[in-house]
Amino acid sequence: MTPEQLKSALGSGLLSFPVTHFDAQGKFAGDSYRAHVEWLAGYDAPVLFAAGGTGEFFSLAPSEIPEIVAAAKEVAGKTAIVSGCGYGTEMAVEIARSVEKAGADGILLLPHYLIDAPQEGLYAHVKKVCQSVGFGVMVYNRDNAVLQPDTLARLCDECPNLIGFKDGTGDIGLVRQVTAKMGDRLMYLGGMPTAELFAEAYLGAGFTTYSSAVFNFVPALANEFYRSLRAGDRANCERILNEFFYPFMAIRNRQKGYAVSAIKAGVRLQGFDAGPVRSPLTDLTPAEIDMMAALIAPYQRKAAA
């Protein structure tokens, strides 16, 4: 898939980040993961992000990532697979090249590790990663890796395969400046946790689409909300927000890290043996799992994958 083809795919519908499945020993559970990805691909996701943030990229060894990407590609059919990528520049280059060999259609470049950096350093980092591969690259603007519009414009001039911008800051003023400056040069993805809560604001700021974490376990509901949002059906959006997303947010907010842990609990409740989260995250308590089970009961998967 060329960078332009990936850009088109990214902008064509609702996106998601499958959780990474682990067995009882904490190792990658390929069979369960493939069954889950195949199920998700059947809900018209144009792109799925393997080993991304919801996929616990931060707790994976770099050597595990190509195997996860290859497993996703094996069952994804027409759905493109974008891999997580990150850490320092040299490690990010190694990860990017390894997943390109494994068959990934592109990468999402997550923030580098630990330290703050000036714009010139961020520019050099993103440029080197982009120029190390031939497929499409999307940058993730958040935390210690917030690219300013002028820096992003320079990168677009230097890196034809830089095709996407994902925002996790929630700074609508900044992202509107980015979309106004860059126009259709990039595809824009809303990436706040539980993105549906911010989707209306992001689309109003010129963003193309957003990624849905809950798509992992209630894909039909996630698609219904997305279609209603696109159609301007505000009444149905508000109904789904009140019935599902705000109660889910309350569970998610009970502990740090539950933005991932609650998603993985939902996947397990839908019958996939996704296993536990890896440290430093923690799983939901039994009482919280009961809360999740009650929330998703109306959307229970009817048959095992």
Legend entry - Carboxylate-amine/guanidinium contact Arg227 Asp233, below 4.0 Å: no
Inset, instruction - Any chance you could lay out the ring pair (Phe, Tyr, Trp, His ring centres under 6.0 Å) test for Tyr87 and Phe57, step after step, and finish with the verdict? - result: CA-CA 10 Å; Tyr87 301 114; Phe57 172 84; 5.1 Å; yes
Inset, instruction - Apply the test side-chain hydrogen bond (donor to acceptor under 3.5 Å, both in side chains) to residues Thr151 and Gln119: give CA-CA distance (whole Å), side-chain angles for both, the deciding distance (0.1 Å), then the verdict. - result: CA-CA 7 Å; Thr151 306; Gln119 289 296 297; 2.6 Å; yes
Inset, instruction - Test His125 against His112 for side-chain hydrogen bond (donor to acceptor under 3.5 Å, both in side chains), laying out the working first. - result: CA-CA 9 Å; His125 172 71; His112 60 278; 5.1 Å; no
Legend entry - Electrostatic pair Glu158:Arg154 at N-O distance under 4.0 angstrom: no
Legend entry - Centroid-centroid under 6.0 Å between Phe28 and Phe22 rings: no
Inset, instruction - Kindly indicate, with the supporting measurements, whether the criterion side-chain hydrogen bond (donor to acceptor under 3.5 Å, both in side chains) is fulfilled by Gln255 and Ser261. - result: CA-CA 9 Å; Gln255 288 286 354; Ser261 302; over 6 Å; no
Inset, instruction - Give a yes or no on whether the backbone of Gly11 and the side-chain of Tyr188 come within a donor-acceptor separation of less than 3.5 Å. - result: no
Legend entry - ring pair (Phe, Tyr, Trp, His ring centres under 6.0 Å) between Phe215 and Phe17, worked out: CA-CA 8 Å; Phe215 187 91; Phe17 289 67; over 10 Å; no
Inset, instruction - State whether Lys27 and Glu67 are salt-bridged, where the test is any N-O pair (Lys NZ or Arg NE/NH1/NH2 against Asp/Glu carboxylate O) under 4.0 Å. - result: no
Legend entry - Carboxylate-amine/guanidinium contact Glu288 Arg252, below 4.0 Å: no
Legend entry - Partner of Asp283 under salt bridge (charged side-chain N to carboxylate O under 4.0 Å, His left out), chosen from Lys264, Arg278, Arg268: Arg268
Legend entry - Between Phe217 and Phe272, ring centroids under 6.0 Å: no
Inset, instruction - For the pair Asp31 and Arg34, find out whether any cationic side-chain nitrogen is under 4.0 Å from an anionic carboxylate oxygen. - result: yes
